[in-house]
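Step one of this worksheet: look at the structure below.
Basis for what follows: all heavy atoms, side chains included, without hydrogens, waters or symmetry-related copies. Convention: sequence-line order gives letters A, B, ...; per-chain numbering from 1. What you are looking at is a predicted structure, and each value in this text was computed from that prediction instead of being measured.
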Amino acid sequence: MADFDLGAAFIPALHKPAELLPIAKHRKSLLYLIETSPVTIVVGQTGSGKSTQIPQFLERAGWCADGKIIGITQPRRVAATTVAIRVAEEFGCDVGKEVGYSIRFEDATSETTRIKFLTDGLLIREALVDPLLSRYSVIMVDEAHERSISSDILLGLLKKIRKKRPDLRIIISSATLQAEEFRNFFSEPKEETPNGKENGDNASIVSLEGRTYPIDILYLDSPAEDYLDKAVSTVIDIHTNEPKGDILISKCTCSRKRSENFRKVIFSTNISEASVTIDGIVYVVDSGFVKLRAYDPKTGIESLTATPLSKASAAQRAGRAGRTKPGKCFRLYTEEAYQSLPEANIPEIQRSNLAPFVLQLKALGIDNVLRFDFLAPPPAELMVRGLELLYSLGALDDYAKLTRPLGLRMAELAVEPMMAKTLLSAQSFGCLSEILTIAAMTSLGGNIWIQHEGEKKKTESAKRKFAAEEGDQLTLLNVYQAFVTKGRKESRFCHENLLNFKLMARAVSIRAQLKRYLERFGLNVDESLAAHSTSTASNKAEQIQRCLTAGYFAHAARMQPDGTFRNVSGTTVLHAHPSSIMFNRKAEWVIFHEVMETGNKTFIRDITRIEKSWLLEYAPEFYKTT
DNA sequence: GAGCACTGC
């Protein structure tokens with residue numbers, strides 16, 4: 001009975017040898033396609049090796065021979081770094097040598113770099129300096145089917161660049177369902193030939209099979225009354241009736257749970273659709289909903305609401321079950337409901353505030369943004385709203401041309417237009433150092449306070465130590481000042497004050513980056529002002545409040561007798577978010593950084609008191625009719 | 001008195 005335990009004697013390899021990946025047998029045909037066709041759309045499952053192998057195939061085939069490089073864009077920072085590390089390992093070099101990556105705040109490339117991974121947003125920024133992206137012989141846009149704003153815009157730019165650079169090769173990696181859309185986008189218009197209408201053959205689709213196992217899809221007989229209850233009972237059913245394997249539940253909000261016998265049950269938001277892959281998942285429970293952000297161009301308000309998912313998302317969720325062995329996907333909706341779902345989510349570019357992207361396009365020399373060749377054109381109202389805001393901030397002139405230097409500088413700064421305007425006005429208000437800090441702190445976009453369960457009061461009192469009468473922006477300034485002076489950037493300071501150290505450290509990086517930009521514009525940042533006497537402090541506070549008004553006048557609100565706010569035109573009721581220092585405090589007029597509708601309430605966050613007269617002083621055009 | 005998906009420069 002020499003039945004020894006293989007599992008104990010062998011450790012499974014972390015990575016499959018590259019030559020065993022299914023992509024290996026496609027090498028020659030892939031290289032031929034890329035050589036002969038300007039645009040190649042690669043369809044393949046996660047695990048097919050497309051992101052790691054294709055760049056190496058190209059490098060070996062001589063695509064870097066004349067000093068040009070191969071660029072591979074990723075929608076997320078982690079993806080750019082981890083794939084680069086993996087490829088460097090296979091290539092046999094240190095990261096940053098022949099294989100490198102570049103993301104915001106981290107550039108691991110050098111003169112020897114031939115294969116470069118970067119985020120798509122960063123590549124768009126490179127185009128500001130090098131409009132034809134002339135350093136690259138090949139650009140591969142990975143995960144294009146996710147349809148992020150930046151990858152959509154990048155594809156539009158690449159289509160334009162290709163006309164002037166026929167040598168450039170474009171590779172798009174996509175999920176199966178969306179491949180045709182990319183091909184249509186890159187194909188020349190149909191031409192009449194003696195044989196009838198023919199499609200231009202500029203773009204070819206190549207399919208790489210991945211390693212997946214069959215997945216059983218199960219639907220409900222009748223709709224669930226409460227999908228949360230149904231999710232829980234489904235998990236219990238799986239646990240009692242199905243063989244071993246972990247369970248992934250895609251829903252809208254996130255929590256963690258563990259059942260006996262160590263079957264892992266993971267409740268997950270849509271982070272599981274794109275960002276993380278968890279090993280061992282055999283069962284997927286799909287709630288049928290996704291929480292999506294949308295922007296209303298009429299009100300300028302963003303919302304975050306649960307909506308039915310798309311067929312593409314449902315397929316993505318189900319796919320998570322078949323990674324390691326045959327799996328099952330339990331859909332908490334009926335098959336009829338599935339049939340009525342939209343094919344794909346509305347692309348982000350059609351449901352977002354476009355002001356930042358209109359500004360970027362203008363800076364890239366695309367004057368007529370309405371006629372830009374978008375993969376999916378955004379509704380005109382979204383474009384117009386973006387243009388109007390940029391005009392009111394002075395970034396565009398009467399002819400909708402980018403102003404210089406203001407508009408161009410705003411485009412170069414890595415913050416939203418209203419904050420960019422605030423930053424570029426700060427020197428004239430004598431508070432540039434302070435606004436730099438506020439810009440860095442507000443763009444963290446997350447809660448800097450740590451709240452342990454059941455310790456709400458502790459967090460509240462920690463916050464109160466830094467509270468400023470004037471509002472959240474000055475409170476954030478106090479927090480940062482204490483962090484870099486008293487706290488000497490230590491994690492202990494954060495621990496004692498219930499602050500998120502990672503976010504605070506990030507604020508330091510963002511501030512340094514913004515400061516470098518300003519210095520390049522010739523603005524001098526005087527940091528000696530940080531220590532000022534109390535008599536000038538109140539004056540300083542007012543200068544900061546005035547400066548914020550100069551950038552955020554479009555986000556002004558007035559308090560009503562009942563304690564809620566209304567926007568200037570009086571059409572929308574706004575609530576101070578309970579996380580704001582202005583929650584339950586009196587103020588007449590305020591400006592705010594962000595407005596978002598969740599559930600049935602519209603909240604404003606990062607709020608600062610202002611005087612009504614300042615609105616007229618700094619935005620006379622904008623407020624002349626009110 | 002909220003409890004808000006995710007990401008990026």
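- For A414(A), taking side-chain heavy atoms from C-beta onward, the closest of the listed nucleotides dG8(B), dC9(B), dG1(B) is dC9(B).
- Listed nucleotides dG1(B), dC9(B), dC4(B) differ in distance to K291(A); the shortest reach to its side chain belongs to dC4(B).
- Rounding to whole angstrom units, CD of residue Q74(A) and P of dG8(B) are separated by 11 Å.
- If you measure from atom CG of D562(A) to atom C1' of dG1(B), you get 15 Å, rounded to the nearest angstrom.
- Among the protein residues, Q451(A) comes within range of the nucleic acid bases, having at least one heavy atom under 4.0 Å from a base atom.
- Distance from the side chain of R76(A) is smallest for dT7(B) among the nucleotides dC9(B), dG1(B), dT7(B).
- When each of dC6(B), dG8(B), dC4(B) is scored by its nearest atom to the side-chain atoms of R293(A), the top-ranked nucleotide is dC6(B).
- Note on R520(A) versus E412(A): salt bridge recorded, some NZ/NE/NH1/NH2 to OD/OE distance being below 4.0 Å.
- Going from atom CZ of F583(A) over to atom C1' of dG1(B) covers 4 Å, rounded to whole Å.
- By the ring-ring contact (aromatic ring centres under 6.0 Å, His included) test, Y338(A) is found to be paired with Y219(A), residues two or more places apart in sequence or in another chain being considered.
- Residues of residues 348-362 of chain A having a heavy atom closer than 4.0 Å to DNA chain B: none are found.
- Nucleotide dC6(B) holds its P atom 14 Å from the CD atom of E302(A), rounded to whole Å.
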Side-chain donor/acceptor pairs under 3.5 Å, residues 441-450 of chain A, sequence neighbours excluded:
{"residue": "T442(A)", "atom": "OG1", "partner": "I438(A)", "partner atom": "O", "Å": "2.9"}
{"residue": "T442(A)", "atom": "OG1", "partner": "A439(A)", "partner atom": "O", "Å": "3.3"}
{"residue": "S443(A)", "atom": "OG", "partner": "A439(A)", "partner atom": "O", "Å": "3.0"}
{"residue": "S443(A)", "atom": "OG", "partner": "A440(A)", "partner atom": "O", "Å": "3.3"}
{"residue": "N447(A)", "atom": "OD1", "partner": "W449(A)", "partner atom": "N", "Å": "3.0"}

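- Remark: the R605(A) side chain and the dC4(B) base include a donor-acceptor N/O pair separated by less than 3.5 Å.
- Using a 4.0 Å cut-off between charged side-chain N and carboxylate O, E348(A) and R147(A) make no salt bridge.
- Rounding to whole angstrom units, CD1 of residue I103(A) and P of dC9(B) are separated by 7 Å.
- Per the geometry, CG belonging to D152(A) stands 17 Å off P belonging to dG8(B), to the nearest Å.
- Contacts of F374(A) classified as ring-ring contact (aromatic ring centres under 6.0 Å, His included), with partners at least two apart in sequence or in another chain: F372(A).
- Mapping R125(A) and E460(A) onto DNA chain B by nearest heavy atom places E460(A) closer to the 5' end of the strand.
- In this structure D296(A) satisfies the salt bridge (Lys or Arg N to Asp or Glu O under 4.0 Å) test with no other residue, sequence neighbours excluded.
- Nucleic acid contact for F105(A): none, since no nucleic acid atom lies under 4.0 Å from a heavy atom of the residue.
- As a whole-Å value, the separation of L304(A) CG from dG3(B) C1' is 12 Å.
- Residue T119(A) places at least one side-chain N or O closer than 4.0 Å to OP1 or OP2 of dC9(B).
- Ion pairing between a basic and an acidic side chain is recognised when a charged N comes within 4.0 Å of a carboxylate O; R609(A) and E588(A) show no such pairing.
- Take F592(A) and apply the ring-ring contact (aromatic ring centres under 6.0 Å, His included) test, not counting sequence neighbours, and it matches H555(A).
- Close to dC6(B), at under 4.0 Å from its OP1 or OP2, lies no side-chain N or O of S148(A).
- As rounded to whole Å, 22 Å separates atom P of dG1(B) from atom CH2 of W449(A).
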